[in-house]
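Letters go in sequence order (proteins before strands), and every chain restarts at 1.
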2 protein chains.
Amino acid sequence: MLTRKQHELLRFIQTRLDETGISPSFEEMKDALDLKSKSGVHRLISALEERGFIRRLPNRARALEVLRRADEGGQTAPAANSNVVPFAKPEATAPAPAGDVIEIPLHGRIAAGVPIEALEDQAILPVPAALLGPGEHYALEVSGDSMIEAGILDGDFALVKRTEIANDGEIVVALVRGEEATLKYLRRENGMIRLDPANAAYEPQIYAANEIKVQGKLAGLLRRYFH
Amino acid sequence: MLTRKQHELLRFIQTRLDETGISPSFEEMKDALDLKSKSGVHRLISALEERGFIRRLPNRARALEVLRRADEGGQTAPAANSNVVPFAKPEATAPAPAGDVIEIPLHGRIAAGVPIEALEDQAILPVPAALLGPGEHYALEVSGDSMIEAGILDGDFALVKRTEIANDGEIVVALVRGEEATLKYLRRENGMIRLDPANAAYEPQIYAANEIKVQGKLAGLLRRYFH
DNA sequence: TTAATTGTTCTCAAAATGTTCACAAGTGGA
DNA sequence: TCCACTTGTGAACATTTTGAGAACAATTAA
C-alpha cells in the first residue's frame, strides 16, 4: 500500500527508467511531482525503499532501481478521495478477462520510409497482456512492405514499447532527422547508425548518430486476415 | 540505476562486445565517450563494477564482462509469488475492455508439416475483438518456417476460425488423412486439393479431396518479440 | 630486455546531486 | 482532542560525478 505521492513517484521513476535507462535525479523528481523542495522527494524515496519497491545506493547520484513495479494499468487518476493507493493483489481477479488485457493507444500509421501519420483521436486497442512486457506501449499500423522479410506486412499492427534504448539487431521505431519515423532494424557501425529494412528491394540507410532518435522498440505484432 | 555517462559507457561496451567479442580498451572507451583523459573512463568503469553491471580483471587489458545489460529490467525480483502479473484497474478505463476482448482457447501447436500437438489444459488467450470476425476461434502456436513468406513465423500465434469452408488462396488449418494438421494455403485443382507452403524450400502437396479436411481458417496472428 | 600497449592513481576545479534540519500544516484513527 | 503520519518549503552542507593532465605501473609482444 502506497500513499498517493509515493505511487506517483514510483511510476515516474519506472517510466523514466524504461524510457531512458537513466535514473532521474532528486531535482528532476522534484519537478515531476511539482514540488519545490528536494527534501520531500528524499522522504518519498526513503519510504519507497523501506517498503521494498525500490533499491538505491545512498549518496550516489542517480542510483535508483525499481524492485517492484507499480500498477501499470490505469493512467494517472487514482480515486480522488482516498489518499492511499491500494495495491492489486497477486491472486488478482478471478477468471476476469480484464486482468489479462492491456489497453494501448493506436497512435497512427508508420510507413516504412514515409512520415508517420499522427492520429489525434485515440483509438484504443486492447492487447493480451502476455504479449507485452513492462513499460508503456502504443500501437502503429504498418504501412509499406519494407519489413516484409521480417514477417511484418502492410496493414499489420506493430505494438511498440516506448523507450530510447535498443540494442543492435532489434526492430525499432526510429525518428529520422526529427522528421520521419520509420520501422527498421537498428544497427550501429563505428559511430554511425544504420537502419536496415527487411526487404532486398530496399537499401540500408546510414545516418550520423545524432540524426536518429529511437522512439521505441517493437514488442509485438497483430494481424488480421479478411473474414 | 545509472547516470548518463555510466549508461553511455555500458552501452558502448555491450555493443562492442556483441559485435566484435573483444573488450574495448580504455583508450577506445575514452574516444567513444568523447573524453580527453582515460582517468574518467576508469572512474566510470569502477562505478559500473560497483553497481554490478560489469566485471573485470584488474590490471588486465581488455578484460571486461557485462553482467547485466543496460536495458534489462531490474534483477527480476526473485519473488516466489509472481506479482508480476499485470493488472488492470478495477474501475478500468473509459472504453470498457470487456466488450472489446474475446477469450479464445489455445489448443496447442501446429507444426507446418508435423502433427498438431493437442493441448489439454486450456491456456486462454484474450484477443482484441477487432481482430476476429464472427464465429468460434481458437489459437495455435506456429512451429516451423513453412509459411515464412506469408509473414508467419515460428512461434507466432495463429488465430483460427473454426470452419470447414474456405476459399482458394486462404490460409487454412488442414487435417491431412485424419492424422496431421498443418497450416497452409488452400488451393483446389480439378478435384484435387493442393496445400501450398509459403517457403520456396518446401514443395506444394497434392491430395485427393477426401484426404483433406479443413478445420479452420486463419483469421488473425499474434507475435511477441523478446522483452 | 626493450618497446609498445594498456591500466592505475593523483590532483585541481567546477558542476551536479544527495542529505539534513527546522518549521508548518493537513489527515485519519484511537 | 491527541497522536502518528504524511506533505510542503527552504536552506545550509556534504558528496559524488565529471573533466583534464600527467606520471607511473603492469602486461604483452617482439
Do B:H7 and B:T3 have side-chain heavy atoms sitting under 4.5 Å apart?
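Not touching, per the 4.5 Å side-chain cut-off.
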
Could you work out, with salt bridge (Lys or Arg N to Asp or Glu O under 4.0 Å) as the rule, every residue matching [X], not counting sequence neighbours?
X      : result
A:D154 : none
B:E149 : none
A:D156 : A:R223

Using rotation axes that map the C1' atoms of four end pairs onto the next four (five pairs an end), what angle separates the end axes of the helix from C:dT1-D:dA30 to C:dA30-D:dT1, to 10°?
->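 End-to-end axis angle for the helix from C:dT1-D:dA30 to C:dA30-D:dT1: 60°, rounded to 10°.
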
Output the rounded distance in Å from [atom1] ([X]) to [atom2] ([N]).
X     : N      : atom1 : atom2 : result
B:K30 : C:dG7  : NZ    : P     : 12 Å
A:L2  : D:dT7  : CG    : C1'   : 16 Å
B:L48 : D:dT17 : CG    : C1'   : 13 Å
A:M29 : C:dT17 : CE    : P     : 11 Å
A:R4  : C:dT27 : CZ    : P     : 12 Å
B:D31 : D:dA20 : CG    : C1'   : 14 Å
B:E8  : D:dT17 : CD    : P     : 16 Å
B:I45 : C:dT6  : CD1   : P     : 15 Å

- Message: For DNA chain D, which residues of residues 56-64 of chain A approach it to below 4.0 angstrom with any heavy atom?
- Response: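 Result for residues 56-64 of chain A: A:N59, A:R60, A:A61, sorted by number.
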
Could you list the residues that satisfy side-chain hydrogen bond (donor to acceptor under 3.5 Å, both in side chains) with [X], not counting sequence neighbours?
X      : answer
A:R194 : A:E189, A:D196
A:E170 : A:K217
B:E28  : B:R16, B:R62
A:T15  : none

Checklist entry - B:K5 side chain N/O closer than 4.0 Å to the phosphate oxygens (OP1, OP2) of D:dG19? => result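 Yes.
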
Fill in: Residues touching DNA chain C, which here means a heavy atom under 4.0 Å, drawn from residues 19-27 of chain B
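Only B:S25, B:F26 qualify.
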
* Among residues 34-43 of chain A, which residues get a heavy atom nearer than 4.0 Å to DNA chain C? ->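 Contacting residues: A:K38, A:S39, A:H42.
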
Check whether more than 12 heavy atoms from other residues, nucleotides or ligands sit under 6.0 Å from atom NZ of B:K5, and answer yes or no.
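More than 12 within 6.0 Å, yes.
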
- Item | Charged N-O contact under 4.0 Å between B:E50 and A:R60 |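 So B:E50 pairs with A:R60 through a salt bridge.
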
Side-chain polar contacts of residues 31-40 of chain B - donor-acceptor pairs under 3.5 angstrom, sequence neighbours left out - could you list them?
unit_1, atom_1, unit_2, atom_2, d
B:S37, OG, B:S39, N, 3.2
B:S37, OG, B:S39, OG, 3.0

Establish, from distance only, whether the side-chain atoms of [X] and [Y] form a donor-acceptor pair under 3.5 Å.
X      : Y      : value
A:T182 : A:K184 : yes
B:Y202 : B:D145 : yes
B:E136 : B:Y138 : no

